[in-house]
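Worksheet: one structure, shown below.
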Amino acid sequence: MKYIIDSNNIIINDSSDFDIEHILECGQCFRFYKKDNRDYIIIAYSKILRVTQDDQQVTFHNTTEEEFQSIWMKYFDLGRDYSIIKTTLSKFDEHLQTAVSEKGGIRILQQDTWESLISFIISQNNHISNIRRVIERLSNKYGTYIGEIEDEKYYSFPTIEQLSIATEEELRALKVGFRAPYIINACEKVANGEVDLETVCCGNLLEAKKQLITIKGVGNKVADCVLLFGAMRYEVFPTDVWVKRIMEYYYFKEDTKIKVIDDFAKENYGELAGFAQQYLFYYARDLQIGK
DNA sequence: AGCCAGGCACCGC
DNA sequence: GCGGTGCATGGC
């Protein structure tokens, strides 16, 4: 995607496949702050970025070309042509076509694998607003101070080493609830190499998933989220309550096992299953479909 | 007040 | 292997 440099800002003029609200509010990431309509502060890779958008353009504030190329191009997946993905998915059926049309500004962020692992452990049986608050508390306590905007201080997501010092009592004090031992177990298994993030990220997919679900508190769905949102494994189809509901509502017309939905998605959407999932999830949740 | 949330571990069968 | 239940917390 082409960009232009305007003093301290980087600007994109073609935003047909980029909507900062869709990208952030679609449930894939948790470390952002809405300052105004289509005006967000994002924390990722130990950096703070402000993004604003209007009808003409997207502006990435106060960043350099070097930082933009090395971090944000990748983070926002700007090297990928989403118009092809959307066209392909729209051809499958009218429901997917509607979801893609309504939520066409979604892009799947290339987030950090470790941060995704902990974040989606926290996400289980939880509301997105609460997930975000818990992750913010974790970052404030165990992460590194990375700067401030308008008197608000921001902290990076804790590294494995930083989070490994946390005790169960401390974590419970941050209101992670029953997930406290899960986080500790994730720290242990990643630190001692039983779970190799390099494998999760770039190795054999089945081996990656096998390793992930050895962690207490990581089952099929959390593993799939880590693989999709933290490891660019676009062939996985995380099926949560919302995806289950919309798939039952549109396709199966009855209570359906997750395995059946998963197989259906893989067979139909193939390499694009992860993208399909995200359009469907955001669309369904926004409209409360099937609830 | 009771139900639910981007589920999972644990238990009984 | 499969289905039921409890789980911390907060919002509605």
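Below, each value reflects all heavy atoms present in this structure, side chains not excepted, and no hydrogens, waters or symmetry copies.
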With ILVMFWY side chains joined below 4.5 Å, transitively, what does A:Ile4's cluster contain besides itself?
A:Ile11
Tell me, which of residues 92-113 of chain A have any heavy atom that sits under 4.0 Å from an atom in DNA chain B?
none
Using a strict threshold of under 4.0 Å (side-chain N to carboxylate O), is an ion pair present between A:Arg50 and A:Asp39?
yes
How would you label the contact of A:Phe229 with the nucleic acid (heavy atoms, under 4.0 Å): base, sugar-phosphate, or nothing?
base
Can you pull out every salt bridge (charged side-chain N to carboxylate O under 4.0 Å, His left out) where at least one residue sits in residues 157-173 of chain A? Sequence neighbours excluded, please.
A:Glu168-A:Arg172
Any pair with a residue in residues 99-113 of chain A that passes salt bridge (charged side-chain N to carboxylate O under 4.0 Å, His left out), sequence neighbours left out, goes on the list, sorted by first then second residue, please.
A:Lys103-A:Asp286
Got a sec? Which of residues 234-247 of chain A come in under 4.0 Å of DNA chain B, heavy atoms?
A:Pro238, A:Asp240, A:Val241, A:Trp242, A:Val243, A:Arg245
Parallel, tilted or perpendicular: which describes the rings of A:Trp72 and A:Phe76, with under 30° parallel and over 60° perpendicular?
tilted
Any pair with a residue in residues 122-147 of chain A that passes ring pair (Phe, Tyr, Trp, His ring centres under 6.0 Å), sequence neighbours left out, goes on the list, sorted by first then second residue, please.
A:Tyr145-A:Tyr155
What's A:Arg179 touching, base or sugar-phosphate or nothing? Going by heavy atoms closer than 4.0 Å.
base
Span that lies between the P atom of C:dG10 and that of B:dA9, in whole angstrom
23 Å
For A:Trp242, all residues meeting side chain to side chain donor-acceptor pair (under 3.5 Å), sequence neighbours excluded
none
Touch check for A:Cys26, heavy atoms < 4.0 angstrom, all strands: base, sugar-phosphate only, or nothing?
base
Exactly one of A:Phe264, A:Phe275, A:Tyr234 should register a side-chain contact (heavy atoms from CB on, under 4.5 Å) with A:Tyr269. Which one does?
A:Phe264
Among pairs that include at least one residue of residues 34-53 of chain A, which meet ring pair (Phe, Tyr, Trp, His ring centres under 6.0 Å), considering only residues two or more places apart or in two chains?
A:Phe32-A:Tyr40
What one-letter contact string describes nucleotides 8-13 of chain B from 5' to 3', where B marks a base within less than 4.0 Å of any protein heavy atom, S marks contact via sugar-phosphate atoms alone, and - marks no contact?
SSS---
Identify whether any heavy atom of A:Lys257 sits under 4.0 Å from a base atom; if not, whether one sits that close to sugar-phosphate; answer base, sugar-phosphate or nothing.
sugar-phosphate
Tell me every residue that passes side chain to side chain contact (heavy atoms under 4.5 Å, CB included) with A:Thr199, counting only those two or more places apart in sequence or in another chain.
A:Asp196, A:Glu207, A:Gln211
Can you confirm whether the side chains of A:Thr52 and A:Arg38 place a donor and an acceptor under 3.5 Å from each other?
no
Nearest-angstrom distance, P atom, B:dC8 to C:dG11
24 Å
Whole-Å gap separating P (B:dG7) and CG (A:Leu117):
16 Å
Do A:Asp240 and A:Lys244 meet the salt-bridge criterion of a basic N to acidic O distance under 4.0 Å?
no
Residues pairing under salt bridge (charged side-chain N to carboxylate O under 4.0 Å, His left out) where one sits in residues 81-91 of chain A, two or more places apart or in two chains, turn out to be A:Asp17-A:Lys86
Need two values: the first and the last nucleotide of DNA chain C, 5' to 3', having an atom under 4.0 Å from any heavy-atom of chain A.
C:dG3 to C:dG11
